[in-house]
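Working notes for the structure below.
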Amino acid sequence: MEKTKTIITGGAGFIGSHLAERLLAAGHDLILVDNFSTGRHSNIEKLVGDRCRVVESTAAEALSDPSLLEGVSRVFHLAAAVGVKLVVDDPAAMIRNNIDETDVVLRAAARAGASVLITSSSEVYGKCPVLPLQEDMELVYGPTTASRWSYGLSKAIDEHLAIDLARRIGLRSVVVRLFNTVGPRQVGRYGMVVPRFVSQAVAGKDLTLYGNGQQTRAFCDVRDVVDALAQLMDLEDAYGRVFNVGSTQQITIEQLADQVIEQVAEAGGPKVDKTYVSYEAVYGEGFEDPPHRLPDMTRLQEAIGFSPKVPLRQTLSELIASEQDRTRLVGQSEEEKG
Ligand code: UDP
């Protein structure tokens, strides 16, 4: 990858901060744009310096200023509303946010002659009954009275915007559909299952499984994910196209819970159990959860030879160790105060 200035919107977020780390190590100069609604200063404090500056703003506001784009050759657009919970709580804000921001970012990149990668989501597949999910397949959504689908639909519009500009004016835009990404710095506050299970188990609480726990997902470590993003951004063949990024190692949520319980006990933590909670109790009436979600990874394998390197067991053990450290520190400071 040629080393020039790169913008990452959502640069202080979970995935954005890992991408920043990866690109800095490869010698890039970075501008991280984040409004810190869900991004955190602590995610990037070690990265910020001469070669990595932070602009505290929404993506649209920051990129509306042409001077920010001077000398910029790549824009990774990761800023977005995060997590099912946030989406269900305020779908209208999420829809406006996702579509308006992406539209401004794409047009700004086009004006500056920069390449742009936008992160879409496996939610775009909605409830496609056919597995594995392949980039060109038909999309299937539930009724508009079920608020969950608004997220996938808004991301699908983002994809249309990116692909349309690639076709019409030759914008070097790549669309990536991220599947369940996990790893250090992800927080459970927005509903993500892995950090929730890890923090519950480390705190000695039973893990809350939604539904019967037989739904499946395939989790991919964030370090594998950002590697793919960095490579796709510079791939001539990728422009105007959509790529799944994820893992093909399927696991039921119940198996995931058992694995977290086992690994926490192995790490000297408490022995906890599982409890089952109905979807209605968590998300209210009309919530639909896709029972299975598995990406077809053929396209990405062919494009960049992608094969995830970090196994789920390793990700979980890192997350458990850092959650144990965090709770120890919190415990210590409470003791000091008390
Ligand atoms: N889930 C769960 N307990 C939790 C959080 C999530 O059982 O505390 C389930 C959720 O219903 C879904 C799966 O775990 O079936 C993955 O959820 P997540 O929100 O992480 O990702 P997504 O739904 O976007 O695949």
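In each ligand, atom 1 is the first atom listed, and ligand 1 is the first ligand listed. Hydrogens, waters and symmetry mates are skipped; everything else that's a heavy atom, side chains included, is used.
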**Asked** Tracing side-chain links under 4.5 Å among I, L, V, M, F, W and Y, which residues wind up in one group with V310?
**Response**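 None, because no other hydrophobic side chain comes under 4.5 Å of this residue.
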**Message:** Quick check against the 3.5 Å criterion: does E323 have a side-chain atom that pairs as donor or acceptor with the backbone of V198?
**Reply:** no
Those atoms of ligand 1 less than 4.0 Å from some heavy atom in [X]:
X: Y279; value: 11 (O)
X: I253; value: 7 (O), 13 (C), 14 (O)
X: R293; value: 22 (P), 24 (O), 25 (O)
X: L209; value: 7 (O)
X: Q215; value: 9 (C), 11 (O), 15 (O)

**Prompt:** Heavy-atom distance to atom 25 (O) of ligand 1: which of Q214, R148, R217 wins?
**Reply:**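 It is R217 that holds the nearest heavy atom.
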**Prompt:** Quick one: which of M192, R196, Q186 has a heavy atom closest to atom 8 (O) of ligand 1?
**Reply:** R196
**Asked** Where on N180 is there a heavy atom closer than 4.0 Å to ligand 1, on the side chain, on the backbone, on both, or on neither?
**Response**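 The side chain, only.
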**ligand 1 versus T208: contacting region, heavy-atom distance under 4.0 Å** =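 For T208, the contact with ligand 1 is made by both the backbone and the side chain.
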**Request:** Could you grab the distance from atom CG of N244 to atom CD of Q134, nearest 0.5 Å is fine?
**Result:**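 Here the rounded value is 7.5 Å.
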**Request:** Taking all heavy atoms of V272 and all of G204, pick out the closest pair and write down the distance.
**Result:** CG1-C, 3.4 Å
**Message:** For the CD atom on E266, are there more than 12 heavy atoms of other groups (residues, nucleotides or ligands in this structure) within a distance under 6.0 Å?
**Reply:** yes
**Request:** Using a cut-off of 6.0 Å, state whether more than 12 heavy atoms not belonging to Q214 lie near its atom CD.
**Result:**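 More than 12 within 6.0 Å, yes.
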**Prompt:** Does any N or O atom in V193 lie less than 3.5 angstrom from one in ligand 1, N or O only?
**Reply:** yes
**Prompt:** Has Y190 got any heavy atom lying under 4.0 angstrom from an atom of ligand 1?
**Reply:**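 Checking ligand 1 against Y190, which is what was asked, there is no heavy-atom contact under 4.0 Å.
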